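Inspection log for the structure reproduced underneath, given as structure tokens.
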Amino acid sequence: MTFHSPTRWADALAVRAEHPQAVPIAGGTDAMVELNSGRRRPDRLLDLSRIAEVSGWDTDGGTVRAGAGITHTAIVAQLAESAPALAQAASTVGSPQIRNRATLGGNIATASPAGDTLPTLLACGAAVELHSVGGARTVALADFVTGPKRTQLAPDELIAAVLFPAATGPQHFSKVGVRAAMIIAVCSFAVALFPDRRSVGTGIGAAAPTPRAAVEAQDFAAEVLPWDSLGHLDPAVAGYFGDLVAKAADPIDDVRGTAQYRRHALAVIARRALIWAWDDLRGAVPCG
Amino acid sequence: MRVTATVNGRVHSAEGVRPTESLLDLLREHLHLPGAKNACEQGECGSCTVYLDGETVCACLVAAGQAEGREVVTVEGIGGGRSSSLQEAFLTCGAVQCGFCTPGLLVSAHALLARCPQPDDRQIREALSGNLCRCTGYEKIIEAVRMVAEGGSR
Ligand SMILES: Cc1cc2nc3c(=O)[nH]c(=O)nc-3n(C[C@H](O)[C@H](O)[C@H](O)COP(=O)(O)OP(=O)(O)OC[C@H]3O[C@@H](n4cnc5c(N)ncnc54)[C@H](O)[C@@H]3O)c2cc1C
Ligand code: FES
Ligand code: FES
């Protein structure tokens, strides 16, 4: 049983290549739960928490590159402007103690249908940057997550970063749960408006085997929103948008809620999120 | 393996730590500091809350090896050896019943007051949202934090 604790990314990739069965551990808020409960008994751990190279973020203006090791606390404090929905989602994850440790890379690698950052990243059209000793590849997040807790990550790869366009308009994240803190989403929804290219992004959480975009809904909204006049949003448009989002979901019945409830709740939160985002956009423009 | 960390201002070393053990195991089983409590080992209850390099964490979710060379402060350390005014306020307000949750709540409340000396009730509730208490119903705990905030000292 070995504990690898590299301080350089290249060394972490080398360990990963040599010992693909070693379990990477970043914030440990998913991995340690599995170890403590005995569900997983690895013979090697690969600690990623000392690697400064992947724990920050930068931007060239248009694109944000967030390192896999950035914590949810840092996302809330530092990315609220360039990724408002992501920051809103991060602020709902667990508790202060969890957010201080839990990383963005860990949330993506876990690939839970209810992973809270995922719908917001899908709404922005995010991509995941994967590294191995052999090189790097970039995969759309929508393709990276292939099923509940399943991803395309190869045994010799690690998630290095997440890439997404910086916000150019309002974004909203809504999460349905029985209390405000420490809650796995019953369902969740993110919307992102990009007025510069007149596009709308969406992400549905906890209502399908993987988080997914509501493509028909976002195309519809992009088409009919009054981008030129920035006029009032027709309530019928918002309502139809909500219905299309609910239609895009593929929920199940479980202890947290029924499929029927999830569909209903999604239609409601999606309708509201679009109204709020559109009102924010109108408010942000003088004489809207 | 061997793990060395600064705990409550003193350098401690432990031999024979298994790599899958947690910081909580390191503190309780190897360093004999039983202040941080072990209740769920799932990050749900917060009774194991400690500072790691100045940030509150659930010690049960940190691998012991991740604490190597780091600075840990437990409930035993937050009063600086004496019981702090926060600890006194918990007693005065009746915020302690069975006491199992108390060490974690003290560390979370300590962190809140360090960051935000005059929190409102919403901020107190948010800061303590990762700490469960089965006995008090939370009101006395919130009252104790409020008392220290108003008194202006920790
Ligand atoms: C009490 C509690 C409450 C929670 N609440 C929420 C919540 O509200 N919403 C939510 O979405 N999640 C929640 N979680 C789950 C968890 O906190 C998140 O999924 C978190 O983002 C995981 O990040 P981590 O750094 O702790 O991951 P770790 O536990 O370190 O790792 C998770 C998985 O990802 C792998 N991994 C980590 N980093 C990399 C990398 N760079 N490359 C490849 N693989 C990697 C690990 O091998 C492991 O399989 C909660 C967990 C707990 C214990
Ligand atoms: S024992 Fe760590 S959170 Fe419960
Ligand atoms: S006093 Fe008993 S759990 Fe809080």
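This structure is a prediction, so every number in the text was calculated from the model and none was measured. Every chain is numbered from 1 and lettered A, B, ... according to where its sequence line falls, protein lines coming before strand lines. What's counted below: heavy atoms across the whole structure, side chains too, no hydrogens, waters or symmetry copies.
Using a 4.5 Å cut-off between heavy atoms, B/L52 touches chain A through its side chain atoms alone. Looking at A/I25, the atoms closer than 4.5 Å to chain B (heavy atoms on both sides) sit in the backbone and in the side chain alike. In this structure, chain B has no heavy atom under 4.5 Å from any part of A/A102. Only the side chain of A/R179 comes within less than 4.5 Å of a heavy atom of chain B; its backbone N, CA, C and O stay farther away. If you measure heavy-atom distances from B/T49 to chain A, the contacts under 4.5 Å come from the side chain alone.
The CD atom of A/E34 sits 13.0 Å away from atom OG1 of B/T20, with the distance rounded to the nearest 0.5 Å. To the nearest 0.5 angstrom, B/Q42 atom CD is 11.5 Å from A/T29 atom OG1.
Here B/C60 is the residue among B/G46, B/A111, B/C60, B/S108 with the most heavy-atom pairs under 4.5 Å with chain A.
In A/I183, the CD1 atom is crowded: over 12 heavy atoms of neighbouring residues, nucleotides or ligands sit closer than 6.0 Å. A 6.0 Å sphere centred on CD of A/E53 holds more than 12 heavy atoms belonging to other residues, nucleotides or ligands. By the neighbour-count criterion of 12 heavy atoms within 6.0 Å, atom OH of B/Y138 is densely surrounded, having more than that number from other residues, nucleotides or ligands. Other residues, nucleotides and ligands place no more than 12 heavy atoms under 6.0 Å from the CD atom of A/E81.
When side chains are defined from C-beta on, B/S22 counts as touching A/M32, because their heavy atoms get closer than 4.5 Å.
The nearest pair of heavy atoms linking A/R50 to B/G65 is NH2-O, 3.0 Å.
Inspection of non-hydrogen atoms places B/E126, B/A127, B/S129, B/G130, B/N131, B/L132 of residues 122-136 of chain B under 4.5 Å from chain A. Using non-hydrogen atoms only and a strict 4.5 Å limit, the part of residues 92-101 of chain A facing chain B consists of A/S95, A/P96, A/Q97, A/I98, A/R99, A/N100, A/R101.
Without hydrogens or angle criteria, B/R18 side chain to A/M1 main chain gives no donor-acceptor distance under 3.5 Å.
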Item to check | B/E41 and A/S37: CA distance, side-chain angles, deciding distance, side chain to side chain contact (heavy atoms under 4.5 Å, CB included) verdict | outcome: CA-CA 8 Å; B/E41 294 199 297; A/S37 66; over 6 Å; no
Step-by-step side chain to side chain contact (heavy atoms under 4.5 Å, CB included) determination, B/Q66 to A/F3: CA-CA 9 Å; B/Q66 292 184 309; A/F3 192 84; 4.0 Å; yes
